[in-house]
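Working notes, structure below.
Computed from a prediction, not measured in an experiment: that's the story for all the values here.
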Amino acid sequence: MSTTATWSDPSDCPFCGSELQNPGAGFIDHIDENPDCEAGFQTWRSQIADDIRGGWSG
């Protein structure tokens, strides 16, 4: 797993590069099933939290 997220294709997980079943709910299903990707997402989310006015709803 990469420590750097690559958000270049919404059909692929930006943390491990695996193809997702679909870009929306498929990503959520993927991180629910892959602890390393979930940890990467949580780290990314905490790093950008202050950049999003009004907080993060997702």
Side-chain angles (χ1 to χ4, degrees):
M1 180 182 85
S2 172
T3 57
T4 303
T6 304
W7 301 89
S8 60
D9 185 344
S11 297
D12 296 335
C13 174
F15 301 102
C16 72
S18 294
E19 185 175 350
L20 304 172
Q21 290 183 356
N22 66 56
F27 177 70
I28 300 303
D29 292 343
H30 177 76
I31 63 171
D32 285 346
E33 297 168 0
N34 295 280
D36 288 339
C37 294
E38 182 175 15
F41 176 68
Q42 293 302 330
T43 298
W44 171 84
R45 185 176 163 181
S46 69
Q47 291 173 341
I48 64 140
D50 292 337
D51 296 341
I52 300 173
R53 185 177 217 160
W56 177 270
S57 64

Exercise. Among pairs that include at least one residue of residues 22-31, which meet side-chain hydrogen bond (donor to acceptor under 3.5 Å, both in side chains), considering only residues two or more places apart or in two chains?
Worked result: H30-N34

Exercise. Can you name the nearest heavy-atom pair linking C13 to C37, along with the distance?
Worked result: SG-SG, 3.7 Å

For this session: Measure across W44 and F15 and return the closest heavy-atom pair with its distance rounded to 0.1 Å.
Result: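 Smallest heavy-atom distance, with atoms named: CB-CZ, 4.1 Å.
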
For this session: Name all residues meeting the side-chain contact (heavy atoms from CB on, under 4.5 Å) criterion together with E38; count only those two or more places apart in sequence or in a different chain, and write none if there are none.
Result: I31, Q42

Seminar exercise, completed: Taken to the nearest 0.5 Å, the spacing of I28 CD1 from F41 CZ works out to 5.5 Å

